[in-house]
Amino acid sequence: MATSCKNYDFREIEPFWQKKWLEEKTFRAENESPMEKYYVLDMFPYPSGAGLHIGHPEGYTASDILARYKWANGFNVLHPMGWDAFGLPAEQHAIATGQHPSINTENNIRRFREQIQSLGFAIDWDREVDTTDPHYFRWTQWIFLQLFKHGLAYVDDKPVWWCPELRSVLANEEVINGRSERGDFPVERKNLRQWVLRITRYADRLLGGLEGIDWPDSTKRQQIAWIGRSEGTELDFEIVPDGPKICVYTTRPDTIYGATFLVLAPEHELVERVTAVENREKVRAYVADTKRKSDLERTDLAKEKSGVFTGSFAKNPYNGELIPIWVADYVLVSYGTGAIMAVPAHDDRDFEFAKKFDIPVKQVIADPKNELPLPFCGEGRLINSGEFDGLPAAEARKKITQKAEREGFGRVAVKYKLRDWLFSRQRYWGEPVPILWIERAHYDRALAAKNAYFMGKIPDDVVSYGKGGTEWCAIPVAEAQLPLTLPETDTYLPSDDGESPLVRAKRWLNIFVNLSTGEISGEAAENFVPAVRESNTMPQWAGSCWYYLRYMSPDCGESLVDPAAEAYWKSPDFYIGGAEHAVLHLLYARFWHLFLYDVGAISGAEEPFRRLYHQGIILGSDGTKMSKSRGNVVNPDDVICRYGADSLRLYEMFLGPLNAMKPWSTQGIEGVYRFLKKVWALCIDGDGNVKKFPEEDGVGVETLLHQTVKKVTEEIEALQLNTAIAQMMIFVNGAQKMGISRSTVRIFLQLLAPFAPHIAEELWARLGGAFSVAKASWPAYDASKFAANQAKIILQVNGRVRDEILVDGDASQEAVEKIAWQRSRFMAFVSGKEIIKKIYVPGKIFNVVVR
RNA sequence: GCCCAGGUGGCGGAAUGGUAGACGCUGAGGACUUAAAAUCCUUUGUCUGAAAAGACGUGCGGGUUCGAGUCCCGCCCUGGGCACCA
């Protein structure tokens, strides 16, 4: 029932127990249980070719400690693992080798699984999921179809960067001065049809939901900032003499009397219309110039403001003043209304612009401190503002907006920074979007006939786009045809014109569909109309948006999650992963979860992650980020080989606070390794036999034990695992000196088990404990055992420590004073002085203030 | 620029407003050993001192308090996030 090694031979012990846990399915979670459930979730890894990184075991060990602790406390624990396996590196490997990315992915997963298993985590391996498995992504595609049906997925022509040389779409960050970062090739703007998800419709709920969940403040703040809700006012400005109205958005309507010009974003739809004939050339040139710039260049704060006058004027609806209309790229078309009223006296950017182009600056808010110069962006009372003079700014905002509403030229408005989620990628290694494109005429005819298979599965507003004079309409792939798998292609490169590699698979791409049944045919046939498959794939975020639901019933064939399982597990009780996902993954997943909840696909919880924690980053021993080029990378396999998984686990937890950034130390791990050897030596003699333990604990051991149980229990709950380990070290050091009984050792092994499960399981078995120590019920402590019957009182004079005395635990101030007055060391600082005050903190401090 | 977190020995770090430096690493000395490894013991913030002891000490400058690493005000530095969002 255990190994027979004489010394602490982790190379024999660890594989032995890992095999046993796997074979016995020790950590299998049941979907029905009389025990209370506890769901511990790790952010699942991307199985990269580099293998497990030393940072992975940090979060995994912390969650494993919590999982094992919960098992010991009688919970039915779900602690699963899986693979976020779609993504660019596998695709690039495929492009380079010509080998299908699934092969590389499979190899990487096998390696990751072995490495993770070699760390002895209490994982239910029967629930493993893989986002690239068709049985899994079938449901990712199904979710997309629900989004589509509910009008939350649409197509849009979005400008993207395209590099003909690299034959690749580039992200904004990859374009520098109109050339590609990699290779320095020219790039061009290209409008490409993209799928977009209407996450903005959930902006308010994504914001509101943050209030009730236990997340790190910084992460909540990041999401709040990302959603960027702002309340303000929309105001309509008439263009003189008789042009259209321009609607601007402002959060400072109180400064309306200080507006000395109006600015349109270069892409604003009214730019052409408001431009006077004589300014047309200049304006067009400016707009064209802007188009060429990358977002990075445009938003570079260091650059000077630029812009051009349109030649037209707008009328301030409050005072009738005519102000010039400019076009400038510091106004973004995608926020607010794409147009602003510029108040240089009270806005830094407008001020900068006005200075450069010699536009008047008119102060309308008095600076209470009278600290000129302008601009002054704070709060104050209004001046030069007609009927509103003298009002405090906040009140003026209300009054001014009310007037606009009354007179019909303005309204309260709420705006968000959050944009809809660009959901398509022109890549091979992702989930195919399960959509077919058919011609408008076929679409309309099928709808009119009312026997179209897609009735009730399409949005109220048709999703379509025009190409070559034809309007193509989106219909879903029939559910029965899911999963829609990736076709074989001869290369995984994008096509010559920036489309997905999937367009190369012509026989897959161009098909015929029966609009009554949804059947697909490769050949033209009666009742079949031509259709083109969507060739874009989903971004890597898709699979990770709902994997925590799949773990509940990974084999369920009827739905994405078995309703009974979902009703039982609801949502993870604890979620741990890196802070780098603070916005993207954690926002997207919340969006999908809310949506699935709304459409009744799930029912357990509205928020997916009620308690979230970020582990910190482990740096190289030189205090910088680990990287190959710096040569400071620590490989977990090497560490396990040299010290064992228990030492690695323990050390990563002992390094410092779980959420802190901390450097690895090669020498530091020796300390925890020594600790484990001491634990071994506490139980096993030099011949490999269980030691003869004394019948009774040594004096003081009982107190120490109960203190240790209390401390370790409380610190696990608080995830202060470094100090929990420190307490266990204190215990072992004490036990070594004082002598310890068999039953006390066994209690200690239970405390150690979540941290160093292999050695704990081994010693537990050798000491006659029943398998598994992880399931033995967690020890309780008795506070009365360490209520000190003696207390050490610190004697202070004027707050400075001068002496210490031992008294009865419940000693009164009088008793303490009586002893204190006898102490010469203490009295040396007191005698001859006037005692002004005496402070007694029972059991701790007696402080005398003298003069 | 704005928002947030954090600055404690040679190092990682510990401290409900109550003995600053737990625990571990490193260094020094010692025991065991033919020797080494392993293990065990002592010691390890700075300064003064033979010692007893004292002074100083938690980024800097003030403040509150009997008492501040901890609370308040003003700075400096490091890390993270956002960044022309009107």
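Treat the numbers as computed from the prediction; the structure is a model and nothing was measured. Residue numbers start from 1 in every chain, and the chains themselves are labelled A, B, ... in the order their sequence lines are given, proteins ahead of strands.
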- Query: Under 3.5 Å, is there an N or O donor on one side and an acceptor on the other linking the side chain of A:K844 and the base of B:U16?
  - Reply: yes
- Query: A:D217 near the nucleic acid: base, sugar-phosphate alone, or nothing, with a heavy-atom cut-off under 4.0 Å?
  - Reply: nothing
- Query: With distance as the sole criterion, is a donor-acceptor pair present between the side chains of A:T401 and A:T233 under 3.5 Å?
  - Reply: yes
- A:R825 has a side chain; which of B:C66, B:G54, B:C56 sits nearest to it? B:G54
- For the pair made of CD1 in A:I839 and P in B:U19, what is the distance, rounded to whole Å? 14 Å
- Item | Step-by-step salt bridge (Lys or Arg N to Asp or Glu O under 4.0 Å) determination, A:K305 to A:D350 | CA-CA 9 Å; A:K305 292 270 180 292; A:D350 298 344; over 6 Å; no
- Task: Just call it for A:Q727: base, sugar-phosphate, or nothing, with non-hydrogen atoms closer than 4.0 Å on any strand.
- Result: nothing
- Tell me what A:D347 touches on the nucleic acid: a base, only sugar-phosphate, or nothing, going by heavy atoms under 4.0 Å. nothing
- As its Watson-Crick or G-U partner within any shown strand, both distances under 3.5 Å, B:C75 has B:G59
- Item | Pair partner, B:C11 [Watson-Crick or wobble, under 3.5 Å] | B:G24
- With a non-hydrogen cut-off below 4.0 angstrom, is A:N733 in contact with a base, only sugar-phosphate, or nothing? sugar-phosphate
- Query: Is a donor-acceptor pair below 3.5 Å formed from side chain A:K838 to base B:C66, judging by atom type as modelled?
  - Reply: no
- Message: On the nucleotide B:A86, are OP1 or OP2 found under 4.0 Å from the side-chain N or O atoms that A:Y335 carries?
- Response: yes
- Item | Sugar-phosphate only, base, or nothing, as touched by A:S230 at under 4.0 Å among non-hydrogen atoms | sugar-phosphate
- Select base, sugar-phosphate, or nothing to describe what A:L655 touches, counting heavy atoms under 4.0 Å on all strands. sugar-phosphate
- Query: For atom C1', what is the distance between B:G79 and B:A28, given to the nearest Å?
  - Reply: 36 Å
- Syn or anti for B:G24, please, going by whether the chi angle lies within 90° of 0. anti
- In terms of side-chain heavy atoms of A:R800, which of B:U26, B:C82, B:C56 is nearest? B:C56
- Pick base, sugar-phosphate or nothing for A:E234, based on heavy-atom distances below 4.0 Å to the nucleic acid. nothing
- Message: Checking A:Y318 against A:S385: is there a side-chain donor and acceptor pair closer than 3.5 Å?
- Response: no
- Message: Go nucleotide by nucleotide along RNA chain B from the 5' end; which of A:Q736 and A:S218 gets its closest nucleotide reached first?
- Response: A:S218
- Task: Figure out the CD1/P separation between A:I836 and B:U65, and round it to whole Å.
- Result: 14 Å
- Base-pairing mate for B:C40 - Watson-Crick or G-U, with both contacts under 3.5 Å: B:G30
- Query: What nucleic acid atoms does A:K678 come within less than 4.0 Å of, heavy atoms only: base, sugar-phosphate, or nothing?
  - Reply: sugar-phosphate
- Message: With side-chain hydrogen bond (donor to acceptor under 3.5 Å, both in side chains) as the criterion, how do A:N7 and A:K677 come out once you've worked through the C-alpha distance, each side chain's angles and the decisive distance to 0.1 Å?
- Response: CA-CA 9 Å; A:N7 301 313; A:K677 283 193 285 191; over 6 Å; no
- Task: Using only side-chain N and O atoms of A:N722, determine if any of them is under 4.0 Å from OP1 or OP2 of B:A14.
- Result: yes
- Query: A:D254 CG to B:A86 C1': how many Å, rounded?
  - Reply: 12 Å
- Choose from B:A53, B:G18, B:U26 the nucleotide whose nearest atom is closest to any side-chain atom of A:R674. B:U26
- Query: For A:I730, which contact category applies under a 4.0 Å heavy-atom criterion: base, sugar-phosphate, or nothing?
  - Reply: sugar-phosphate
- Message: Heavy atoms only, 4.0 Å cut-off, all strands: where does A:S665 land among base, sugar-phosphate and nothing?
- Response: nothing
- Between A:Y781 and A:Q707: side-chain donor-acceptor atoms closer than 3.5 Å: no
- Note on the structure: To the nearest angstrom, the OH-P distance between A:Y416 and B:A86 comes to 13 Å
- Message: So if I apply the ring pair (Phe, Tyr, Trp, His ring centres under 6.0 Å) rule between A:F309 and each of A:W326, A:F261, A:F357, which one comes out positive?
- Response: A:W326
- Note on the structure: Comparing nearest nucleotides in RNA chain B, the 5'-proximal residue of the pair A:V583, A:E715 is A:E715
- Consider the side chain of A:F654, meaning its heavy atoms from C-beta on, and name the nucleotide among B:C23, B:G13, B:A55 that approaches it most closely. B:C23
- The Watson-Crick or G-U wobble partner of B:C84, with both key distances under 3.5 Å, is none
- Item | Partner nucleotide of B:A53 by Watson-Crick or wobble geometry (both distances under 3.5 Å) | B:U48
- Message: Given A:M341, which partner from the list A:T255, A:T260, A:I246, A:D347 fulfils the side chain to side chain contact (heavy atoms under 4.5 Å, CB included) test?
- Response: A:T255
- A:Y8 OH - B:U39 P separation (whole Å): 13 Å
- May I have the distance from A:K677 (atom NZ) to B:G24 (atom P), rounded to whole angstrom? 15 Å
- Query: Between B:C23, B:A15, B:C84, which nucleotide gets closest to the side-chain atoms of A:D329?
  - Reply: B:C84
- Provide, to the nearest angstrom, the distance between the CD1 atom belonging to A:I684 and the P atom belonging to B:A38. 22 Å
- Message: Any carboxylate oxygen within less than 4.0 angstrom of a Lys/Arg side-chain nitrogen, looking at A:D685 and A:K691?
- Response: no
- Query: What does A:M728 touch in the nucleic acid at a heavy-atom separation under 4.0 angstrom: a base, only the sugar-phosphate, or nothing?
  - Reply: nothing
- Under 4.0 angstrom, heavy atoms only, what part of the nucleic acid is A:R802 near: base, sugar-phosphate, or nothing? sugar-phosphate
- In whole Å, what separates the C1' atom of B:A14 from that of B:G21? 7 Å
- Consider the side chain of A:K305, meaning its heavy atoms from C-beta on, and name the nucleotide among B:C84, B:U26, B:A15 that approaches it most closely. B:C84
- Provide, to the nearest angstrom, the distance between the CG atom belonging to A:L619 and the P atom belonging to B:G12. 11 Å
- Query: Which part of the nucleic acid, if any, lies within reach of A:F829 when heavy atoms closer than 4.0 Å are counted: base, sugar-phosphate only, or nothing?
  - Reply: sugar-phosphate
